[in-house]
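Take a look at the structure set out below.
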Amino acid sequence: MTLVGGGPGAVDLLTLRGWRALQAADVVVADRLGPVEILAELPPHVRVVDVGKEPGRHPVPQERINELLVEHARAGAHVVRLKGGDPFVLGRGGEEVVACAAAGVPVEVVPGVTSAVAVPGLAGIPLTHRGVTTGFHVVSGHCAPALPGSAVAGATPASDSSGPLDDAALACVRDGAATLVVLMGVRSLGAIVAQSLAAGADPGTPVAIVENGSTSEQRVTRARLEEAADVATARGVRSPAVVVIGRVAAAGLLVETVEGTSERRLAGAGV
């Protein structure tokens with residue numbers, strides 16, 4: 001089985017190694033997000049199995065996805081698991097590798113361009129910038145249960161259980177020491193804002209929300225932290241989206257955007 005990270009959505013952000021794996025596949029088990037347009041370009045014999053999930057709707061549970069990968073591989077098929085972004089960045093790819101390994105199915109991993117980095121970059125938002133910040137922290141917007149005895153970074157339960165942010169994420173927002181990137185954070189944005197403000201974050205901290213990154217539907221919404229949830233609601237922000245919190249999200253840091261148009265240019269330069 002080959003586990004392929006497909007990138008944030010644009011077909012030309014799929015890696016060459018990922019493309020070659022798809023061309024050699026017998027069965028492709030595909031998510032809803034990522035370069036789904038590429039599926040129409042596969043050889044006619046390739047069977048595509050749709051296991052896509054939407055917020056609040058998981059028609060094919062993760063356990064069943066694991067079983068499908070093993071079943072097709074044991075039947076002799078060259079299986080490609082196509083996931084959006086990078087399979088090991090909040091993508092449950094690790095669970096699929098564990099399931100295949102337990103069943104004796106060898107797995108090759110093809111890394112993908114993660115939306116956590118690529119989507120802000122495509123919107124002109126650098127996650128690090130000299131003189132502004134030298135690091136970033138990536139978290140899920142979902143409230144996950146604590147992992148007993150875990151020493152994994154980011155597994156520490158949040159000091160305030162009313163929101164999804166752990167202590168390290170709260171420190172990023174409160175102290176401005178690093179950029180905070182939240183994946184799958186649209187539905188929990190109100191809780192993220194409330195939790196951050198309760199922890200002492202500056203209400204004026206810049207926030208940028210990038211919807212449908214890398215696609216023709218890409219849209220950026222910017223606001224101060226204290227009003228980010230209300231602005232997102234007013235603008236009808238929907239997933240998939242990447243939320244960036246920190247000084248690098250300030251408008252005009254690298255890119256000047258003409259409001260109401262798609263015109264963008266590097267600040268101070270003619271392109």
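The analysis underlying the following values was restricted to heavy atoms, covering all of them including side chains, and did not include hydrogens, waters or symmetry mates.
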Got [X] and [Y] here, is their nearest side-chain heavy-atom distance under 4.5 Å?
X      : Y      : result
Ile209 : Leu189 : yes
Gln23  : Val46  : no
Leu165 : Ser196 : yes
Trp19  : Val4   : no
Leu254 : Ile125 : no
Pro203 : Arg224 : yes
Val110 : Thr2   : yes
Val182 : Val242 : no

Restricting to non-hydrogen atoms, name the atom on [X] and the atom on [Y] that form the minimum distance, rounded to 0.1 Å.
X      : Y      : value
Val113 : Ala118 : CG1-CB, 3.4 Å
Thr15  : Pro111 : CG2-O, 3.9 Å
Ala250 : Pro206 : N-CB, 3.6 Å
Pro35  : Ala10  : CB-O, 4.3 Å
Ala199 : Leu170 : CB-CD2, 4.0 Å
Ser140 : Met184 : OG-CE, 3.7 Å

Do [X] side-chain atoms and [Y] backbone N/O form a donor-acceptor pair below 3.5 Å?
X      : Y      : result
Thr205 : Leu225 : no
Arg74  : Ala103 : yes
Arg238 : Glu211 : no
Arg81  : Val29  : yes
Asp175 : Ala177 : no
Arg219 : Val210 : no
Asp86  : Phe88  : yes
His78  : Ala24  : yes
Ser188 : Ala191 : no
Thr114 : Ala116 : yes

(request) Please name the residue in the list Thr179, Val243, Leu127 that meets the side chain to side chain contact (heavy atoms under 4.5 Å, CB included) test with Pro120. (result) Leu127
(request) Taking atom CD of Glu95 as the centre, report whether more than 12 heavy atoms of other residues, nucleotides or ligands fall under 6.0 Å from it. (result) yes
Would you give the length of the straight line joining atom [atom1] of [X] to atom [atom2] of [Y], rounded to the nearest 0.5 angstrom?
X      : Y      : atom1 : atom2 : result
Leu69  : Arg64  : CG    : CZ    : 10.0 Å
Leu197 : Ile192 : CG    : CD1   : 12.0 Å
Ser214 : Asp12  : OG    : CG    : 8.0 Å
Ile245 : His137 : CD1   : NE2   : 11.0 Å
Arg92  : Asn66  : CZ    : CG    : 8.0 Å
Asp50  : Asp31  : CG    : CG    : 8.5 Å

In this structure, would [X] and [Y] fall into the same cluster of hydrophobic residues linked by side-chain contacts under 4.5 Å?
X      : Y      : value
Leu90  : Phe136 : yes
Val80  : Val70  : no
Val244 : Leu253 : yes
Leu68  : Val27  : yes
Val119 : Val117 : yes

(message) Under the criterion side-chain contact (heavy atoms from CB on, under 4.5 Å), I'd like the reasoning laid out for Val79 against Asp26: C-alpha separation, chi angles, the key distance, then a yes or no.
(response) CA-CA 6 Å; Val79 181; Asp26 298 311; over 6 Å; no
(request) Taking side-chain contact (heavy atoms from CB on, under 4.5 Å) as the test, write out the residues that go with Arg247, two or more places apart. (result) Val132
(message) Please enumerate all residues that pass side-chain contact (heavy atoms from CB on, under 4.5 Å) together with Thr215, with sequence neighbours excluded.
(response) Asn212, Glu217
(request) Please step through side-chain contact (heavy atoms from CB on, under 4.5 Å) for the pair Thr128 and Thr134, ending with a clear verdict. (result) CA-CA 5 Å; Thr128 66; Thr134 58; 5.7 Å; no
(request) Tell me, with the steps shown, if Lys83 and Glu96 meet side-chain contact (heavy atoms from CB on, under 4.5 Å). (result) CA-CA 11 Å; Lys83 302 178 71 68; Glu96 295 169 1; 3.3 Å; yes
(request) Let me see the working for Val107 and Val109 under side-chain contact (heavy atoms from CB on, under 4.5 Å), right down to the final yes or no. (result) CA-CA 6 Å; Val107 179; Val109 177; 4.3 Å; yes
